[in-house]
There are 2 protein chains.
Amino acid sequence: MKRKPSTEATSAWIRLMRVQSRVLDCVEQDLKKAGFPPLAWYDALLELSRAPSGELRPVELERQMLIPQYSTSRLIDRLVDEGLACRRECKIDKRGQFVEITEAGRELQKRMWGAYSAAIEKYVGSKLSDADAVKLSGLLDRLGCSCGEMKLPVHVNETTPSR
Amino acid sequence: MKRKPSTEATSAWIRLMRVQSRVLDCVEQDLKKAGFPPLAWYDALLELSRAPSGELRPVELERQMLIPQYSTSRLIDRLVDEGLACRRECKIDKRGQFVEITEAGRELQKRMWGAYSAAIEKYVGSKLSDADAVKLSGLLDRLGCSCGEMKLPVHVNETTPSR
DNA sequence: TCAAGATTGATGCAGGTGCATCGAGTGCGG
DNA sequence: CCGCACTCGATGCACCTGCATCAATCTTGA
């Protein structure tokens, strides 16, 4: 029952893979050269920073970030080691815990957004008109089998007053 | 001199990252469940199989696949360990070598294309019309800073006689 | 012709990821 | 109340990646 994909679909697939890895590489390199940790750290700090009281259950973080459980667990280890977050006991469920972002964590997240947003502008914004960016998003969404909400970085709001 | 990216660019960036990793995961899972090795092996076997006499210098493979040198070196190790390729001495440059695909390698590459093409159809082809796939390719290309040729898998030709 | 520099490919090390599994704790059905 | 299935989070292992560096060889230019 397996049909061959069209050459158009195959071509789109190949470009998706290659362009993404290339652009991601560029952005990660820029961050690294500016002395920052990997993007995954930023994502985690961002999620924590926008949680109601700066804390989340690891399992929530895992679902927000769409990464596997063990990966979350070890990412938290690293954040804690660096003093960017701390573990707090969870009284209502003794299996669990809360992870709370520290001041250092919030501060790093903000500083990273400076470099990160500049990289997005450099590698995406400057190459695509807003209209084309919207078209690209729309097409990608169709591939994203129940891909969830796709929240924007919180800082985007700072530059876009109206909602 | 760093401008903030538009929310549209940021949104496109986020979707690009998330959709790609999601779709890639799905495809890799399908291949793994069918008992096949990772996609990188397929890419290498494909490049080798379409080289003039089934052999390439590692440095060529590296440039085709856009992966770092040490990565190529170890990928070749694994292919050789599995009997999918073999190293041959390079008489004209004693530093170098040739890597030649074996019959087992060619055969695996063909079998993998069966599962691989089915996965592309399932996760990309079935979700996008040909016209939309072309639009997506075009938009992605604009991000692909001097991204090179983007060759299609050779098997595509088997199903598309006219060029 | 020969020294300096570039290129080819391998490798030790540190760290990240996937997988399987584990121990602890919860909650539900009987 | 008990037991069983499930959820939460951690961890040992294998493997893979990035980085730095190495030895061998080639190339260039004085």
Side-chain angles (χ1 to χ4, degrees), chain A residues 17 20-22 24-33 35-44 47-48 55-82 85-100, chain B residues 17 20-22 24-33 35-44 47-48 55-82 85-100:
Chain A
M17 293 304 121
Q20 181 288 341
S21 80
R22 203 171 193 65
L24 178 58
D25 262 21
C26 292
V27 171
E28 290 262 27
Q29 279 305 319
D30 278 15
L31 285 200
K32 176 174 289 192
K33 273 187 290 205
F36 289 119
L39 264 184
W41 293 35
Y42 176 82
D43 289 339
E47 290 301 334
L48 289 175
E55 59 186 16
L56 281 176
R57 297 284 297 267
V59 69
E60 312 275 4
L61 194 54
E62 176 190 329
R63 283 195 271 260
Q64 294 291 340
M65 296 182 63
L66 303 174
I67 57 179
Q69 179 270 319
Y70 51 80
S71 190
T72 315
S73 177
R74 290 197 258 235
L75 179 53
I76 292 169
D77 284 349
R78 285 170 232 137
L79 295 181
V80 171
D81 283 351
E82 297 296 326
C86 56
R87 295 180 201 269
R88 312 187 70 74
E89 118 185 81
C90 174
K91 300 203 194 290
I92 55 177
D93 183 344
K94 291 246 188 77
R95 288 168 306 184
Q97 63 189 248
F98 279 102
V99 179
E100 185 182 5
Chain B
M17 294 303 120
Q20 181 287 341
S21 80
R22 203 171 191 67
L24 177 58
D25 262 21
C26 291
V27 171
E28 290 262 25
Q29 279 304 318
D30 278 15
L31 285 200
K32 176 173 291 191
K33 274 187 292 205
F36 289 119
L39 264 183
W41 292 35
Y42 175 82
D43 289 338
E47 290 302 334
L48 289 175
E55 59 184 17
L56 283 176
R57 298 285 296 267
V59 69
E60 312 274 5
L61 194 54
E62 176 192 330
R63 285 193 269 258
Q64 294 290 341
M65 296 182 62
L66 304 174
I67 57 178
Q69 178 271 321
Y70 50 80
S71 190
T72 315
S73 177
R74 291 197 256 234
L75 179 53
I76 292 169
D77 285 347
R78 283 170 232 137
L79 295 180
V80 170
D81 283 351
E82 298 295 325
C86 57
R87 295 180 202 270
R88 312 189 69 74
E89 119 185 80
C90 174
K91 300 201 194 294
I92 56 178
D93 184 344
K94 291 247 187 74
R95 289 169 305 182
Q97 63 190 248
F98 279 103
V99 179
E100 185 182 5

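Just so you know, these numbers use all the heavy atoms, side chains as well, and skip hydrogens, waters and symmetry mates. The sequence lines fix the lettering, A, B, ..., with proteins before strands; numbering per chain opens at 1.
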Closer than 3.5 angstrom, by distance alone: can the side chain of B/R88 be matched with the main-chain N or O of B/Q97 as a donor-acceptor pair? no

Going by number, which of residues 87-95 of chain B have a non-hydrogen atom under 4.0 Å from DNA chain D? B/D93, B/K94, B/R95

Heavy-atom pair with the smallest gap, counting every atom of B/E47 and B/L61: CB-CD1, 3.6 Å

Which heavy atom of B/A44 sits nearest to which heavy atom of B/L79, and what is that distance? CB-CD1, 3.9 Å

Among the nucleotides D/dC8, C/dG9, D/dG9, which one has an atom lying closest to any side-chain atom of A/R63? D/dC8

Looking at every non-hydrogen atom in both residues, tell me the closest pair between B/A85 and B/L48 and how far apart they are. CB-CD1, 4.4 Å

CD of B/E28 versus P of C/dG18: gap in Å, rounded? 11 Å

Side-chain donor or acceptor of A/R87 paired with backbone N/O of A/F98 under 3.5 Å: no

Which whole-number value in Å describes the distance from B/D81 CG to C/dA10 P? 12 Å

Note: A/V99 and A/P58 closest approach over all heavy atoms is CG2-CG, 4.0 Å

B/Q97 CD to D/dA24 P, in whole Å, measures 16 Å

Reading nucleotides 11-19 of chain D from 5' to 3' and marking B where a protein heavy atom lies under 4.0 Å of the base, S where only the sugar-phosphate is that close, and - otherwise, the string is BBB--SBBB

Do the side chains of A/R57 and A/D93 get nearer than 4.5 Å, heavy atoms only? yes

Considering all heavy atoms of both residues, which atom of B/E62 and which atom of B/I67 are nearest to each other, and what is their separation? CG-O, 3.3 Å

Using atom CZ of B/R57 as one end and atom C1' of D/dT25 as the other, report the distance to the nearest whole Å. 11 Å

To the nearest angstrom, how far is A/L75 atom CG from D/dG9 atom P? 14 Å

